[in-house]
Amino acid sequence: GVSYTYAHDAKTKRIQLNLKGNIEKSMVRILLPAGNTNGIAIVNKKQHSSTMEKINESYYIVIKELKGKNIDLVVNY
């Protein structure tokens, strides 16, 4: 199985998601705080491709092709 921890620091505009376990193939969609429309994904300390998705008035950063063991995902917005 896979477990995760989530942390958000509004002062530094940073969201951290730590995934523990063996991730074979995954996609993560993270809601950005109101008023934010863009983000940068960093996976295991390296910038990772991502897209932005707007649903109604909310913006999400979408990170695809996550795989590996014990992933550290950081979103700076």
Side-chain angles (χ1 to χ4, degrees):
V2 176
S3 63
Y4 70 91
T5 57
Y6 171 92
H8 177 221
D9 187 339
K11 288 182 183 178
T12 61
K13 294 188 171 191
R14 176 182 165 133
I15 296 168
Q16 187 163 354
L17 189 66
N18 296 98
L19 304 165
K20 301 288 184 201
N22 190 24
I23 295 93
E24 291 182 17
K25 187 174 181 183
S26 182
M27 177 185 76
V28 175
R29 181 180 286 117
I30 298 175
L31 174 65
L32 296 182
N36 294 281
T37 60
N38 200 13
I40 296 171
I42 300 167
V43 175
N44 296 335
K45 300 183 180 174
K46 295 180 183 176
Q47 191 164 336
H48 191 83
S49 63
S50 61
T51 57
M52 296 303 302
E53 187 174 277
K54 183 180 180 188
I55 300 175
N56 297 321
E57 298 302 313
S58 299
Y59 286 87
Y60 295 80
I61 186 167
V62 180
I63 303 103
K64 297 180 181 178
E65 301 298 326
L66 285 178
K67 55 186 169 182
K69 192 168 184 175
N70 300 333
I71 294 173
D72 181 30
L73 169 62
V74 173
V75 174
N76 295 312
Y77 61 89

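Nearest heavy atoms, Ile63 versus Ala41: CG1-CB, 3.7 Å. Across all their heavy atoms, Tyr77 and Ala10 have their closest contact at OH-CA, 3.8 Å. Among all heavy-atom pairs drawn from Leu17 and Tyr4, the shortest one is CD1-CD1, 3.6 Å. Nearest heavy atom pair, residue Leu32 against residue Gly39, reads CD1-N, 4.3 Å.
Taken together through direct or relayed side-chain contacts under 4.5 Å among Ile, Leu, Val, Met, Phe, Trp and Tyr, Tyr6 and Val43 form part of one hydrophobic cluster. Residue Ile71 is grouped with residue Val2 when hydrophobic side chains (ILVMFWY) are merged at heavy-atom distances under 4.5 angstrom, including chains of intermediate members.
Between the OG atom in Ser26 and the CD atom in Glu65 there is a gap of 10.0 Å [rounded to 0.5 Å]. Note that the OG1 atom of Thr5 and the CG atom of Asn18 stand 4.0 Å from one another [nearest 0.5 Å]. Taking CD1 of Ile40 as the reference point, atom NZ of Lys13 lies at 12.0 Å (rounded to 0.5 Å). For the atom pair CE of Met27 and NZ of Lys67, the computed distance is 15.5 Å after rounding to the nearest 0.5 Å. To the nearest 0.5 angstrom, Ile23 atom CD1 is 6.5 Å from Asn70 atom CG.
Counting only heavy atoms from C-beta outward, the side chains of Met52 and Thr37 never approach each other to under 4.5 Å.
Using modelled atom types, no side-chain atom of Asn56 and backbone atom of Ser58 make a donor-acceptor pair closer than 3.5 Å. For Asn44 (side chain) and Asp72 (main-chain N/O), a donor-acceptor pair under 3.5 Å exists by modelled atom type.
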*Can you list the steps and then say if Gln16 with Asp9 is a side chain to side chain contact (heavy atoms under 4.5 Å, CB included)?*
CA-CA 8 Å; Gln16 187 163 354; Asp9 187 339; over 6 Å; no
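Paired with Leu73 under the rule side chain to side chain contact (heavy atoms under 4.5 Å, CB included), one option of Ile30, Ile15, Ile61 passes, and it is Ile30.
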